[in-house]
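Read through the structure below, which is laid out as structure tokens, and then see the notes.
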Amino acid sequence: MLSNKRIQELELVMEFEKVEECFKEVSSWIENVGRKRLKETINLDDSLEMLLQAQKQFREFDLIASEYCRRGQEALKKMDRWEDFSSVDVHSYRVKLQTYKDQLEEFCTQLDENRHRICETVRLYEFFDKVRQGICCMEEGVKN
């Protein structure tokens, strides 16, 4: 049994090394591109036109970012079996895996929050724009 468990652990390590390339690629993209682009969406412009342009740019980024999130999550699913192993030899790999998982979850959460915030901000600006137009129409009607 001990020998079988050791063989399974070695197989997991080999599998991890194959999947780690995907983790590294996703992690690198998150750090070098993803987080920077998310920071750019923190300060949204004050006009509806500029906000709609920012939303369009974010949607383009969101498609790419969502694909990286999906790829990272698929790679993590391949490593679900690590939960069953607790030996010292596997510990360092579990730490790496947890680091990738935490980074991915944090980024995907921020992406979702920014997507929601931009959408709600656009809706709010569109509402205020309609209200402003309604007030302008009412003022013109009162003047005539």
Between Phe16 and Phe23, how do the two ring planes meet: parallel, tilted or perpendicular, split at 30° and 60°?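 Because their plane-to-plane angle lies in the 30° to 60° range, the rings of Phe16 and Phe23 count as tilted.
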
In terms of relative ring orientation, are Trp29 and Phe61 parallel, tilted or perpendicular, with 30° and 60° separating the classes?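 Rings of Trp29 and Phe61: parallel, under 30°.
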
Close side-chain approach of [X] to [Y], heavy-atom, < 4.5 Å:
| X | Y | answer |
| --- | --- | --- |
| Met79 | Leu76 | no |
| Leu38 | Phe107 | yes |
| Glu25 | Tyr68 | yes |
| Glu20 | Tyr93 | no |
| Thr99 | Gln103 | no |

Hey, could you give me the [atom1]/[atom2] distance between [X] and [Y], rounded to the nearest 0.5 Å?
| X | Y | atom1 | atom2 | value |
| --- | --- | --- | --- | --- |
| Glu60 | Gln57 | CD | CD | 7.0 Å |
| Leu111 | Asp62 | CG | CG | 4.5 Å |
| Gln55 | Leu48 | CD | CG | 9.5 Å |
| Glu105 | Gln110 | CD | CD | 12.5 Å |
| Leu104 | Arg70 | CG | CZ | 12.0 Å |
| Lys96 | Ser27 | NZ | OG | 12.0 Å |

Looking at every non-hydrogen atom in both residues, tell me the closest pair between Thr121 and Arg117 and how far apart they are.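 Minimum heavy-atom contact is OG1-O, 2.7 Å.
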
Between [X] and [Y], does at least one N-O distance fall below 4.0 Å, as a salt bridge requires?
| X | Y | answer |
| --- | --- | --- |
| Asp112 | Arg115 | yes |
| Glu74 | Arg71 | no |
| Glu15 | Lys78 | no |
| Glu31 | Lys36 | no |

Residues in side-chain hydrogen bond (donor to acceptor under 3.5 Å, both in side chains) with Glu120, at least two apart?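 So Glu120 forms a side-chain hydrogen bond (donor to acceptor under 3.5 Å, both in side chains) with Arg123.
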
For Thr41, check side-chain hydrogen bond (donor to acceptor under 3.5 Å, both in side chains) against everything at least two apart and list the hits.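 Only Asn114 meet the side-chain hydrogen bond (donor to acceptor under 3.5 Å, both in side chains) criterion with Thr41.
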
Could you go through the side chain to side chain contact (heavy atoms under 4.5 Å, CB included) check for Tyr100 and Val19 one step at a time? CA-CA 11 Å; Tyr100 289 130; Val19 176; over 6 Å; no

The test is side chain to side chain contact (heavy atoms under 4.5 Å, CB included); show your working for Lys101 and Glu106 and say whether it passes. CA-CA 9 Å; Lys101 183 177 182 178; Glu106 177 189 358; over 6 Å; no

Do Leu51 and Leu124 share a hydrophobic cluster, counting only Ile, Leu, Val, Met, Phe, Trp and Tyr and linking them when any side-chain heavy atoms are less than 4.5 Å apart?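 No; Leu124 is not reachable from Leu51 via cluster members.
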
Is it true that Val26 and Val33 fall in one hydrophobic cluster, defined by side-chain heavy atoms closer than 4.5 Å?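 They do share one cluster, since a chain of ILVMFWY contacts under 4.5 Å joins Val26 to Val33.
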
What do the steps show when you test Gln133 against Asp129 for side chain to side chain contact (heavy atoms under 4.5 Å, CB included), and what is the final call? CA-CA 6 Å; Gln133 289 173 2; Asp129 194 50; 3.3 Å; yes

More than 12 heavy atoms of other residues, nucleotides or ligands under 6.0 Å from CZ of Arg59: yes or no?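 Open.
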
Can you check whether Ser28's main-chain N or O pairs, donor with acceptor, with Asn32's side chain at less than 3.5 Å?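 Indeed, once roles are kept as given, a pair shorter than 3.5 Å links the two residues.
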
Steps toward side chain to side chain contact (heavy atoms under 4.5 Å, CB included) verdict (Ser47, Met50): CA-CA 5 Å; Ser47 73; Met50 295 299 288; 3.0 Å; yes

